[in-house]
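Reading through the structure tokens given below for one structure.
Residue indices begin at 1 and follow the sequence shown.
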Amino acid sequence: MGSPSEHHGPEHEGFEKHDAGRRAGRRGFESKGAAGVGRRDLIRRSAALGLISVPAMGFLAACASSGGGGEDKAKAGKKTAKNPLAVNETAQLEFVLFDGGFGKEYAEDAVKIYEKNFPGAKVKFSATQKIQSTLQPRFNQGTPPDLIDNSGAEQMDMGVLVGKNQLADLTPLLDAPSFDDPAKKVRDTLRPGIVEMGQFDGAPVWIMYYAYTVYGVWYSQKALGSLDAEYPQTWDEMLAVCAKAKKKGIAGWTYAGKYPYYLPFSLYPMIGKVGGREVLDAIDNLEPNAWRHPAVKACFEAYYELYKKGYVLKGTPGLDHIQSQTAWAKGKALFLPNGSWVENESANVIPADFDLAVSAPTGIDSSDKMPFGTIWASGGEPFIVPAKANNTAGGMEQLRVMLSEASSKNFTSKVKSLTAYNGGTDGITLTPGLKSGVAALDKAGSNVVNPRLQDWYVQLQKEKIGVSGLGEMMAGRITPAEAIKKIQDYADATAKDASVKHYKHQ
């Protein structure tokens, strides 16, 4: 997907090179040269996804002309307790998986369960990295597969698919009895934010994000212990820990300076903690003056203080994600804002005794609206069922199987990532980062936030807020007040841009 110099995205080298721990979903939200692609289609791309490398407008035109399909739709089967979605027991199921970092074994294992439950049904399973070029013609012809893992560098544009009525609403799946407990609906077994992420405008749910990413501040428990310190809960405590580290020649923080939209992984949930969810919602909704909220000002000033006091690793603004992660893994800095893919991505540089951990962001003080532990976590690895698929019930049933405890455990143990299923970790030996992520989610409880800017407005989030706003501020080239003014102006311009599809929290 190109070299860092071609990208405004960190995750870029993503799908072909990266394996298990992260990926193929959330991580690829950078585009193939976001600045070069631009245009309204870029803005519509969904989070966590690798952006397409083929011009999306071609796909938009193709979808607009899509006709036919549906003539051979499988007739409904008999609805029973074991078959709540009334799957036709002899209809073929076609399942196309993105062949990326998570591999295909977890999906093949889930297919075997489907085949066992419907012995008369043939499942045609395939995996490819070329999702769009393989499947776009089939959408045009009205003959798409029944279930698609729409991820990777050639991911199809979600906004286009939804806007052109190409996807089936997954509400029947969400309202079906869960695979393990018929007394619980599937939706009641999912982690916070998963259902909402699959929505665009209103109630229908178009996407089932299968993987689950925890964002926050990553650190070495060993390094913190060597300073005789605990993870700081207030900003005064944060500054005190950084001062201690500085005396020992260790920087408090580093981050992906070339891709400063990593900073929001800890900064946005901090804003939510300080000011409440409604502040993040207002920012996502592009409301006038949303960025001028006192909570935003307080958090920007707190981060700027790290720069002013010399607590950021020297040279950080020139580092890419790999360089900053490597410096951090080598003990040059204590704290790193990142997502849970960092454990896998940095596995070759993290020492065996590092004792990797993640924490929810430090707040300002006891006046914060939300408790310490408030964290950003959300879905990746988007699965879709095309509206014109022959066997939509089968596609949803395959997802119901995958959202069982056994399938979830299988995925987590094989690829070191959590799933959308809220559980599935009992009895598995978790890696340190994964174990810490589970503990952070347990601590957060219902205090999980999910800012949508990076789903809804990719260019605004990455290049404008990230590079031109936060990146310039943390490099000391503009003040927090100047950064806020710049960012508010960018948000206002996006709100007024008629070529951009706008979304709002419902």
Just wondering, do [Y] and [X] contact through their side chains at under 4.5 Å, heavy atoms?
X	Y	result
Leu227	Leu334	yes
Trp328	Ile350	yes
Arg400	Ser404	no
Glu345	Ile322	yes
Trp218	Leu356	yes
Leu470	Pro264	yes
Leu239	Leu306	yes
Ile484	Phe300	yes

How far does [atom1] of [X] sit from [atom2] of [Y], to the nearest 0.5 angstrom?
X	Y	atom1	atom2	result
Ser359	Gln233	OG	CD	8.0 Å
Tyr311	Ile250	OH	CD1	13.5 Å
Ile487	Ile465	CD1	CD1	6.0 Å
Ile283	Ile271	CD1	CD1	5.0 Å
Gln199	His505	CD	NE2	11.0 Å

Which atom of [X] lies closest to which atom of [Y], heavy atoms considered:
X	Y	result
Ala295	Val274	CB-CG1, 3.8 Å
Leu97	Gly103	CD2-O, 3.6 Å
Ser408	Thr419	OG-OG1, 2.6 Å
Tyr268	Leu453	OH-CD1, 3.7 Å
Leu280	Gly272	CD1-CA, 3.8 Å
Val358	Ser436	N-OG, 2.8 Å

Check: Given Glu196 and Asn450, is the side-chain hydrogen bond (donor to acceptor under 3.5 Å, both in side chains) satisfied, shown in steps?
Finding: CA-CA 9 Å; Glu196 292 76 11; Asn450 183 13; over 6 Å; no
For the backbone of [Y] and the side chain of [X], can you confirm whether one donor and one acceptor N or O come within less than 3.5 Å of each other?
X	Y	answer
Thr134	Ile131	no
Glu343	Leu434	yes
Tyr114	Gly395	no
Thr479	Glu482	yes
Glu472	Gly469	no
Asp149	Phe98	yes
Thr412	Ser417	yes
Lys273	Lys369	no
Tyr457	Tyr503	yes
Ser413	Asn410	yes

Checklist line | Criterion side-chain hydrogen bond (donor to acceptor under 3.5 Å, both in side chains) on Thr316 and Thr254, from CA distance to verdict | finding: CA-CA 6 Å; Thr316 287; Thr254 188; 2.9 Å; yes
Notebook entry, point to check: Is it true that Lys414 and Asp109 make a salt bridge, defined as a side-chain N closer than 4.0 Å to a carboxylate O?
Noted result: yes
Next item on the list: Please determine if Asp188 and Lys185 form a salt bridge, counting it only when a charged side-chain N lies under 4.0 Å from a carboxylate O.
Entry: no
Within a radius of less than 6.0 Å around [atom1] of [X], do more than 12 heavy atoms belonging to other residues, nucleotides or ligands occur?
X	atom1	answer
Lys409	NZ	yes
Glu108	CD	yes
Asp228	CG	no

Note to self: Applying side-chain contact (heavy atoms from CB on, under 4.5 Å) to Thr128 and Val96, what does each step give before you reach the verdict?
What the structure shows: CA-CA 7 Å; Thr128 178; Val96 179; 4.0 Å; yes
Note to self: Apply side-chain contact (heavy atoms from CB on, under 4.5 Å) to residues Lys443 and Phe372 and explain how you reach the verdict.
What the structure shows: CA-CA 9 Å; Lys443 181 171 180 58; Phe372 177 72; 3.6 Å; yes
Determine whether the aromatic ring centres of residues [Y] and [X] are separated by less than 6.0 angstrom.
X	Y	result
Tyr262	Tyr259	no
Phe335	Tyr231	yes
Tyr490	Trp291	no
Phe265	Trp341	yes

Next item on the list: Go through Val111 and Phe95 one step at a time and tell me if the side-chain contact (heavy atoms from CB on, under 4.5 Å) criterion holds.
Entry: CA-CA 9 Å; Val111 164; Phe95 179 178; 3.7 Å; yes
Notebook entry, point to check: Do Arg191's NZ or CZ and the ring of Tyr212 fall within the cation-pi criteria of under 6.0 Å and 45°?
Noted result: yes
Next item on the list: Check step by step if side-chain hydrogen bond (donor to acceptor under 3.5 Å, both in side chains) holds for Ser178 and Asp180.
Entry: CA-CA 6 Å; Ser178 69; Asp180 302 304; 5.7 Å; no
Note to self: Between Thr362 and Glu237, is there a side-chain donor-acceptor contact under 3.5 Å, judged purely by atom types and distance?
What the structure shows: no
Next item on the list: Kindly indicate, with the supporting measurements, whether the criterion side-chain contact (heavy atoms from CB on, under 4.5 Å) is fulfilled by Leu161 and Trp206.
Entry: CA-CA 9 Å; Leu161 289 170; Trp206 307 110; over 6 Å; no
Check: Testing Trp376, Tyr255, Tyr303 for side chain to side chain donor-acceptor pair (under 3.5 Å) with Ser266, which one passes?
Finding: Tyr303
